[in-house]
Protein chains: 2
Amino acid sequence: MSTIKDIARHAGVSVATVSYVLNNTRYVSPDKRERVIAAVQELNYVPNAAARGLRVRESRTIGLIVSDISNPFYPDLAKACEDVAQQYGYAVHMINTNDQPERMRQAVSQAREGKIDGLIVTTALEADRELLQSLLDREFPVVLAHRRLEGLDADLIESDNYEGGMLAARHMLALGHRRIAFLSGVAGSPISERRVAGYLQAMREAGIDVLAEWVLPGEAKYANSYERMVQYADMAPDTRPTAIINVSDIGAMGVLDAAADRGLRVPEDVAVMGFDDLFLAAFRSVRLTTVRIPRYELGRQATELLLKRIGKAKTERRHVVLPVDLVVRKTCGSEQADG
Amino acid sequence: MSTIKDIARHAGVSVATVSYVLNNTRYVSPDKRERVIAAVQELNYVPNAAARGLRVRESRTIGLIVSDISNPFYPDLAKACEDVAQQYGYAVHMINTNDQPERMRQAVSQAREGKIDGLIVTTALEADRELLQSLLDREFPVVLAHRRLEGLDADLIESDNYEGGMLAARHMLALGHRRIAFLSGVAGSPISERRVAGYLQAMREAGIDVLAEWVLPGEAKYANSYERMVQYADMAPDTRPTAIINVSDIGAMGVLDAAADRGLRVPEDVAVMGFDDLFLAAFRSVRLTTVRIPRYELGRQATELLLKRIGKAKTERRHVVLPVDLVVRKTCGSEQADG
DNA sequence: GTATGGCATCTAATCGATTAGACCGGAGGA
DNA sequence: TCCTCCGGTCTAATCGATTAGATGCCATAC
């Protein structure tokens, strides 16, 4: 593997001149410039990233923290992040925390080692606040994407979860439902909380008292949502919720399957909605009505913002709220055309 | 940000001693050891990765190349890779090539810059062979996972695609089908080719002549598979294939939806199978019979092998073939129990 | 009392880039 | 003719770690 010295020797110039040519940092006479370029080609030279990074104190790498890349919410966001990063010459470290603070600690450590120049955090728990704040205190760029973390002084790109909750509830209300349940996420999830708040607001506006049993927290996964739906299915038909809004599409799939297993027809006996608009929500056999979350856009904007932050002096924190929209399909029974 | 010199000064020892304590490379007296540890804690010291990397010529990072992380095949594999890497103290660079050779070139460049110590490649095209071989020629560790690349002298962890093709075809044959089609992937995909080869072998063993129109190459995506199924649906019922094997589950979803749109019942009018066993294949509304590909295991073993390669002298190339298995659900009509 | 050896620790070279500041030669002005 | 200035290029310091080899101290042996 050749070094800058080899190039300098081969081209008959100094290492400084080689560096000037490679980085375009000073004028170099055409003749020497050409000799440098030729030497680079001939020796197939690629500069060493560690040496460069040590000197200029940057790694040209950003970190992306997700709780679990195999959760279908994240791949689109991760893709956006990588697309943008590539474009700007940055690499992406992917870190799955599995919601363990230990993993977040490792990520923060990578930041302090200088392995990454900035961090995009899609899932930060309460327990991670102090850790992330310690980075921010050192002026290390951190952008929250998707999930906010109250009390953390970082940039935030999120979608309009409150509006999403309203949209969902109003859709059900417009279809004539009154007993509308909301299968929320785990207690303390700010995403879930905002969506529930929107739902509650819409219900209030409609003059409906929301029964405690209608808002059931739990894991936004298939299995747990399935179980929660089974509870509803076992209630008497005249008290059972006629509409179920789910905090995630994956959870909605569990609800759909539980309903079918219990002999309830969708949408005749129960209307079902999700959140996210995953690819699978569009399948003909599913056709889930849902609130679309702009996942790619979340990742794109978070990465653009992070890269803007890197190297720049501290600026005003940004808080971007992306619009969401209702995607009407079949599971609430109101599809317009092709049924 | 403090450096090793600060720690040395603070603890009243030399930088060498600090390094010995931190890396456990030489005996250090308990008293100095403790002073070093105290200084590290007090100054909140974290060693600089670039400086270390420059000196010892390693980045403790590996690269993972996928064609597109938003293709649901890859997240499980990527997760496995990251899980194993974390465990060994390595970070993971995720690189989406989108099947563009340009992106592969960037990845190879990262390797040569020393940004990564090894590379896991899940999708290498013919066009990438030379590039990857150039890495191997420099003794840079490369492991192919999932997709082989003929003529490349690298380690390979794949699943038994040939056996999978046989399993699928035999299942259809056992159910009494004779006109069995195989919607394959794009021409030149070795994964698809092996699966088709297994299918052809099973058909041969059953004494059935496979019509050219039964093996339709195309993109293994939803839309393209949908279109191909439409073609079949338009054939006369007595010549139309009664069974469709798909090279991917996502493609099978397209087939399922096309069949439904054309008024064909599954499995009564057409039996449908996929490959992969994605999470969505298990949904009640889908219940896709498929050949399970051990995605997590693929990623796990590839990463373990890669890490074994890194730093070790050149050893014999390994070729691991993981077993696949048939997952019988509803789309071929032979489900045993809970239908 | 001096020589020997071993052990803990130190000094300084090194990795491969970037870049501040020195240097040198030629042009232009006095 | 001499001085100044400027532009092109060079030398060498620097980033922060690791580690080879030097050093100095102390115990033991003669």
Side-chain angles (χ1 to χ4, degrees), chain A residues 1-37 39-40 43-61 89 109-117 138 311, chain B residues 1-37 39-40 43-61 89 109-117 138 311:
Chain A
M1 197 107 299
S2 46
T3 74
I4 197 171
K5 278 189 192 167
D6 300 324
I7 303 301
R9 199 175 315 127
H10 203 267
V13 300
S14 73
V15 292
T17 303
V18 177
S19 178
Y20 297 146
V21 171
L22 260 32
N23 302 299
N24 250 311
T25 36
R26 284 207 201 173
Y27 181 85
V28 172
S29 67
D31 130 39
K32 300 210 167 175
R33 168 177 296 273
E34 262 172 47
R35 267 152 52 205
V36 168
I37 292 172
V40 166
L43 302 186
N44 205 342
Y45 169 73
V46 176
N48 180 285
R52 175 172 200 288
L54 174 58
R55 181 62 223 237
V56 307
R57 6 191 45 78
E58 66 173 36
S59 59
R60 301 223 129 228
T61 300
S109 182
Q110 288 194 11
R112 306 224 18 236
E113 287 169 20
K115 270 194 147 181
I116 53 180
D117 298 339
R138 293 188 165 81
Chain B
M1 197 105 303
S2 44
T3 73
I4 197 170
K5 277 189 191 167
D6 299 324
I7 303 301
R9 199 175 314 124
H10 203 267
V13 300
S14 72
V15 292
T17 303
V18 176
S19 178
Y20 297 147
V21 171
L22 260 32
N23 302 299
N24 252 310
T25 35
R26 282 206 201 173
Y27 179 85
V28 172
S29 69
D31 138 41
K32 300 209 168 173
R33 167 176 296 271
E34 262 173 45
R35 265 152 52 205
V36 168
I37 291 171
V40 166
L43 302 186
N44 208 342
Y45 168 73
V46 176
N48 180 285
R52 177 173 199 285
L54 174 59
R55 181 62 223 239
V56 306
R57 4 190 48 77
E58 64 173 39
S59 59
R60 301 222 127 228
T61 300
S109 182
Q110 287 194 12
R112 305 223 21 234
E113 286 170 20
K115 270 194 150 182
I116 53 180
D117 298 338
R138 292 187 166 81

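All values below were derived from every heavy atom in this structure, side-chain atoms included, with hydrogens, water molecules and symmetry-related copies excluded. In what follows, chains are A, B, ... by sequence order, proteins preceding strands, each numbered from 1.
Shown here are the side-chain contact (heavy atoms from CB on, under 4.5 Å) partners of B/Val15, two or more places apart in sequence or in another chain: B/Ile4, B/Lys5, B/Ala8. For B/Arg9, the salt bridge (charged side-chain N to carboxylate O under 4.0 Å, His left out) test picks out B/Asp6, with sequence neighbours left out. For the salt bridge (charged side-chain N to carboxylate O under 4.0 Å, His left out) test, residues two or more places apart in sequence or in another chain that qualify with B/Glu58 are B/Arg52, B/Arg60. Residues satisfying the side-chain contact (heavy atoms from CB on, under 4.5 Å) criterion with A/Asn23, sequence neighbours excluded, are A/Ser19, A/Thr25. Applying the side-chain contact (heavy atoms from CB on, under 4.5 Å) rule to B/Ala51 yields the partners A/Leu54, B/Asn48; only residues at least two apart in sequence or on another chain are considered. In this structure, B/Arg33 has no salt bridge (charged side-chain N to carboxylate O under 4.0 Å, His left out) partners at least two apart in sequence or on a different chain. Remark: A/Ala16 pairs with A/Ser14, A/Tyr20 by the side-chain contact (heavy atoms from CB on, under 4.5 Å) rule, at least two apart or across chains.
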Polar atom pairs between nucleotides 4-6 of chain D and protein, under 3.5 Å, N or O only, would you list them?
none

Between the protein and nucleotides 21-23 of chain D, which nitrogen or oxygen pairs come in under 3.5 angstrom?
unit_1	atom_1	unit_2	atom_2	d
D/dG21	O6	B/Arg26	NH1	3.0
D/dG21	O6	B/Arg26	NH2	3.4

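Residues B/Glu113 and A/Val46 share a closest heavy-atom pair of CG-CG1, 3.3 Å.
In the 5' to 3' direction, nucleotides of DNA chain C lying under 4.0 Å from heavy atoms of chain B begin and end at C/dA8 to C/dG16.
The nearest heavy atom of DNA chain D to A/Ser14 and to A/Arg55 marks one nucleotide each, and the one closer to the 5' end goes with A/Ser14.
A/Val28 comes within 4.0 angstrom of the backbone, heavy atoms only, and of no base.
Comparing the start and finish of the helix from C/dG1-D/dC30 to C/dA30-D/dT1, five pairs each, the helix axis swings through 70°, to the nearest 10 degrees.
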Verdict with supporting geometry, A/Arg35 and A/Thr17, side-chain contact (heavy atoms from CB on, under 4.5 Å): CA-CA 11 Å; A/Arg35 267 152 52 205; A/Thr17 303; over 6 Å; no
Intermediate values then yes/no, side-chain contact (heavy atoms from CB on, under 4.5 Å), B/Asn44 and A/Arg138: CA-CA 12 Å; B/Asn44 208 342; A/Arg138 293 188 165 81; 3.4 Å; yes
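Here the side chains of B/Leu22 and B/Val40 are in contact, with some heavy-atom distance below 4.5 Å. Proximity of A/Val28 to A/Val36: side-chain heavy atoms (C-beta onward) are nowhere separated by under 4.5 Å.
With A/Lys32 as the partner, the side chain to side chain contact (heavy atoms under 4.5 Å, CB included) test is satisfied by one option alone out of A/Val18, A/Val21, A/Val13: A/Val13.
One finds no side-chain N or O of A/Thr17 lying less than 4.0 angstrom from the OP1 or OP2 phosphate oxygen of D/dG8.
With B/Lys115 contributing its side chain and A/Ser59 its backbone, the two residues share a donor-acceptor pair below 3.5 Å.
For residues 1-13 of chain A, proximity to DNA chain C is found at A/Thr3, A/Ile4, defined as any non-hydrogen atom under 4.0 angstrom from a strand atom.
One distance of note links CG of B/Leu43 with OG1 of B/Thr3; it measures 9.5 Å at 0.5 Å rounding.
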